[in-house]
Amino acid sequence: MFRVFLMSLSVQNLWLIPALPLAAAAIGALTPRTGRALAAGAAITAMAGAFILSCLALVGALAEPAAHQVFNFAWFDLGHGALRLGLLLDPLTAFMGVMVTFVSLLIFIFSTGYMKDDANYKQFFCFLSLFASAMLGLLVANSLLLLFVCWELVGLASYLLIGFWFHKPAAAAAAKKAFITTRIGDLGFLLGILWLQDTQGTLLFYDGGHGILESAALANLAHLLPCGLAASTAIGLLIFCGAIGKSGQFPLHVWLPDAMEGPTPVSALIHAATMVAAGVFLMARVYPLMAADQGLANVPVHALTVVACIGAITALMGALIAVAQNDIKRILAFSTVSQLGYMMLAIGVGSWTAAIFHLLTHAFFKALLFLGAGSVIHAAHHEQDIRRLGGLRPKMKVTFATFAIGMMALAGVPFLFSGFWSKEAILHAAHEWNVSSLPLYAGLAAVVLTALYMTRLVAEVFFGAARTAEADHAHENSPAMTMPLVLLALCAVLLGFLGTPAFPWLQARLLGDSEVHGHSLLEGSGLMRVSIVLVALGLGAGWALYGRRPRARAESPDPLAARAPRLIAALASRLGFDELYAATVGRLSSGFATFCAFLEIYVWDGAVRFLAGLGELSGLVSRENDEQGFNAGFNSASESLRKTSTAYSKAQSGDAHGYLRTLALGFVLLLIIVILGGAR
């Protein structure tokens, strides 16, 4: 009986998971500004309920890991048929749901302390709940259309949260930048959806053999177009455009670092559990479509090859830029760009399970790092420049210990931390890819850089002496902010053991396997040893440059910048992508907008005014003709008729004697006329 309940929850009632935070968002929207406790309590309670339901759904999914449990229904009729939506439960949905709800719950709790003095406290929790609800709706969708609707709601919520402090010009500009940049990718995504609907007649992922991810549809899409690409390749690349925008991949990565202008809990939510994870999840969900062209020999380029190349470029580029950043949140932001590149690389080389494994581990240790950064910023009176911090280790022991765990997980320190195992899974998948070795080399280079910039971050913030009054007066935060850090730190350690090569339980369940087949760690240990050496090299270089002799003053020169000033300056300016886009796309857009304004003001508006003048002149002429011609003649005739009628009416006096006299007079006149006529 309990299992039947779980199955019912897993499919028909799966909508409850996103519905709970959506209801909390509605409560927050309707609550007056003074209802701070109600808005926050509703958000946290709803997310806790969603987490429990997600755990129950995971149990139901793991009972049949190979099955795609679906519940499809008609949304509305189109005349020739119904547009159908659906809910989907499989291990991918279930694992992602548990991760999103749990990490979001901890971020919500952390926010009660971080945002306690904000005037728009209740509105903040309303937006957080909307954000989480949209992401959860995206996860449970069995329709690409429903997924796209939730995808756009994620974009809306991110706009509201990044620009939450809209009174700051930088925050308002960052919100617009994120919204517009991701719309560019979403345009390609929408075109891919329309193409699929036109060719397949459905957007359901699974529908009893008729879904777009099932063999019949995939075989139908594996044909060549006149341009030489397979239909599945073209559609897959269009959908990938949406993932490029949402997950901050090159060349649409420029919005992600600027998203740091929002409150730190927003940064944690975007970079760990929600928005950026959506792009990787989308690629994992539609992986059968992306891989449909693998068996075609005459295709000039395969969709997964493009994904692998974009991922490799992004992983290396993000790590390089992070080395030269000084804002604690922007270092972590470019780290997210790099790690998302790793995930796309894994999908491109054919291991979407490794990508999801790294997505799950990254969600926990990146949420830990962002919340740890928020704890530092909150304690140091909103100081974010790592050069102006220092000496926080003895003052913030819990924050330091948990942040160090997150740092080692991100850097891939063996063998205890989850990031090591998920990163190794990606590197081994890249090593086995027979198309090119460049993604592997890019991934290995990013390993060194990641360890370097994270060591620099920890050394600058926590070691040495306090370099400003803000750092000197810092102290540990309340349990509402430190307890989530402790829980996330535990997950950053334990989660990796679900996917080790010796016992790849997570990967087996994602693939639908009930049995787990591992192998000895000695197999492929050569690459693992290389990776460990590279991690040690990055940690050692970072400590030698920044930890052995900590910065004495905030104005002291950066050791790495002193050795390579031009390179570090270029990396500090983000390789000039923002300036390049401003000089090219920005100017082109401004020029086109100016041209459109000219057309609007002087051409279209002038034409409209000219036509309006003609109409006014025509009306004036018509009015004159009407008043002086038709109306005047009609009025004159009417006046003559009126006078005649008046005169005639006067004869109608109603006096009978007068009528007799007139009649007698007429008779006499008539008699005279007759007599005179007879005489002649």
Side-chain angles (χ1 to χ4, degrees), residues 92 95-100 102-104 106-107 135 139 243 246-249 253 256 259 267-284 311 314-315 318-319 322 329 331-347 351-373 402-403 405-413 416-427 429 443 446-447 449-451 453-454 457 485 487-500 506-507 510 531 535:
L92 175 59
F95 281 121
M96 288 291 296
V98 171
M99 179 274 289
V100 170
F102 183 67
V103 173
S104 298
L106 295 181
I107 293 173
M135 183 65 191
L139 297 180
K246 272 290 190 291
S247 290
Q249 298 295 286
H253 64 281
L256 199 52
S267 304
L269 200 59
I270 289 177
H271 286 253
T274 53
M275 186 169 180
V276 299
V280 179
F281 170 80
L282 174 64
M283 287 294 98
T314 307
K329 290 170 64 176
I331 294 173
L332 297 178
F334 279 106
S335 168
T336 301
V337 171
S338 179
Q339 298 304 307
L340 291 168
Y342 268 114
M343 299 172 205
M344 291 298 183
L345 187 158
I347 292 174
S351 182
W352 69 270
T353 57
I356 294 300
F357 182 26
H358 194 57
L359 174 62
L360 295 174
T361 61
H362 175 266
F364 288 96
F365 62 69
K366 185 53 63 71
L368 169 61
L369 289 170
F370 266 108
L371 295 186
T402 54
F403 196 92
I405 291 174
M407 168 263 178
M408 288 185 281
L410 175 58
V413 174
L416 184 60
F417 301 97
S418 61
F420 170 76
W421 298 112
S422 56
K423 172 180 64 65
E424 285 302 309
I426 293 174
L427 293 177
V447 167
L449 295 170
T450 303
Y453 67 69
M454 287 308 298
L457 180 89
L485 299 180
L487 293 175
L488 288 170
L490 290 174
C491 294
V493 173
L494 299 176
L495 192 62
F497 295 106
L498 297 178
T500 63
L506 179 64
Q507 294 93 319
L510 287 172
S531 176
V535 171

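Computation of the quantities below employed the complete heavy-atom set of this structure, encompassing side-chain atoms and omitting hydrogens, waters and symmetry-equivalent molecules. What you see is a predicted model; the values in this text were computed from it and never measured.
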A.B. asks: Sub-3.5 Å donor-acceptor pair from the side chain of Ser418 to the main-chain atoms of Val493, do we have one?
C.D. replies: no
A.B. asks: Mind checking the CG-CG spacing from Leu416 to Leu494? Nearest 0.5 Å is all I need.
C.D. replies: 8.5 Å
A.B. asks: Trp421 vs Phe497 aromatic rings, parallel, tilted or perpendicular, using cut-offs 30° and 60°?
C.D. replies: tilted
A.B. asks: Taking the side chain from Thr450 and the backbone from Ala411, do they hold a donor-acceptor pair closer than 3.5 Å?
C.D. replies: no
A.B. asks: Just verifying a value: how many Å separate Ile107 CD1 and Ser267 OG, rounded to the nearest 0.5 Å?
C.D. replies: 10.0 Å
A.B. asks: Nearest heavy-atom pair of Gly499 and Phe357: which atoms, and what distance?
C.D. replies: O-CE2, 3.4 Å
A.B. asks: Can you tell if the side chain of Leu269 reaches within under 4.5 Å of the side chain of Met275, non-hydrogen atoms only?
C.D. replies: no
A.B. asks: Taking all atoms of both residues into account, what is the closest heavy-atom pair of Thr314 and Gly248, and its distance?
C.D. replies: CG2-O, 4.0 Å
A.B. asks: Checking Leu495 against Phe365 for the side-chain contact (heavy atoms from CB on, under 4.5 Å) test, could you report, in this order, the C-alpha distance in whole Å, the side-chain angles of both residues, the deciding distance, and whether it holds?
C.D. replies: CA-CA 10 Å; Leu495 192 62; Phe365 62 69; over 6 Å; no
A.B. asks: Tell me, please, which residues at least two apart from Phe334 pass ring pair (Phe, Tyr, Trp, His ring centres under 6.0 Å).
C.D. replies: none
A.B. asks: With side chain to side chain contact (heavy atoms under 4.5 Å, CB included) as the test, pick out the partner of Leu340 among Lys246, Gln249, His253, His358.
C.D. replies: Gln249
A.B. asks: What distance separates Leu92 CG from Phe281 CZ, expressed to the nearest 0.5 Å?
C.D. replies: 5.0 Å
A.B. asks: For Phe370, check ring pair (Phe, Tyr, Trp, His ring centres under 6.0 Å) against everything at least two apart and list the hits.
C.D. replies: His271
A.B. asks: Looking only at heavy atoms, what is the nearest atom pair of Ala451 and Val535, with distance?
C.D. replies: CB-O, 3.6 Å
A.B. asks: Indicate the atoms forming the closest heavy-atom contact of Ile405 with Ala492, along with that distance.
C.D. replies: CG2-CB, 4.3 Å
A.B. asks: What I'd like to find out is whether the side chain of Met407 reaches to under 4.5 Å of the side chain of Val413, using heavy atoms alone.
C.D. replies: no
A.B. asks: How far does CG of Leu510 sit from CH2 of Trp352, to the nearest 0.5 angstrom?
C.D. replies: 4.5 Å
A.B. asks: Looking only at heavy atoms, which two atoms of Ser104 and Ala273 are closest? And how far apart?
C.D. replies: OG-CB, 4.3 Å
A.B. asks: Might you work through the side-chain contact (heavy atoms from CB on, under 4.5 Å) test for Tyr342 and Val280, ending with a clear yes or no?
C.D. replies: CA-CA 10 Å; Tyr342 268 114; Val280 179; over 6 Å; no
A.B. asks: Taking atom CD1 of Ile347 and atom CE of Met344, what is their separation to the nearest 0.5 Å?
C.D. replies: 5.5 Å
A.B. asks: If every non-hydrogen atom of Lys423 is compared with every non-hydrogen atom of Ser531, which pair is closest and at what distance?
C.D. replies: NZ-OG, 2.8 Å
A.B. asks: Taking the side chain as everything from C-beta on, heavy atoms only, tell me whether Lys329 gets closer than 4.5 Å to Leu332.
C.D. replies: no
A.B. asks: Only counting residues at least two apart or in another chain, list the ones meeting side-chain contact (heavy atoms from CB on, under 4.5 Å) with Leu487.
C.D. replies: Leu106
A.B. asks: Going by heavy atoms in the side chains, are Leu360 and Leu506 under 4.5 Å from each other?
C.D. replies: yes
A.B. asks: Could you pull out all residues at least two apart from Thr361 that satisfy side chain to side chain donor-acceptor pair (under 3.5 Å)?
C.D. replies: Ser422
A.B. asks: Among all residues two or more places apart in sequence or in another chain, which pass the ring pair (Phe, Tyr, Trp, His ring centres under 6.0 Å) test with Phe403?
C.D. replies: Phe462
A.B. asks: What residues form a ring pair (Phe, Tyr, Trp, His ring centres under 6.0 Å) with Tyr453, not counting sequence neighbours?
C.D. replies: none
A.B. asks: What's the verdict on side-chain contact (heavy atoms from CB on, under 4.5 Å) for Phe95 and Ile356, showing C-alpha distance, side-chain angles and the deciding distance?
C.D. replies: CA-CA 9 Å; Phe95 281 121; Ile356 294 300; 5.7 Å; no
A.B. asks: Go through Ser351 and Gln507 one step at a time and tell me if the side-chain contact (heavy atoms from CB on, under 4.5 Å) criterion holds.
C.D. replies: CA-CA 10 Å; Ser351 182; Gln507 294 93 319; over 6 Å; no
A.B. asks: In Å and rounded to the nearest 0.5 Å, what is the CD1 to CE distance from Ile426 to Met343?
C.D. replies: 7.0 Å
A.B. asks: Do Val447 and Leu427 touch side chain to side chain, with heavy atoms closer than 4.5 Å?
C.D. replies: yes
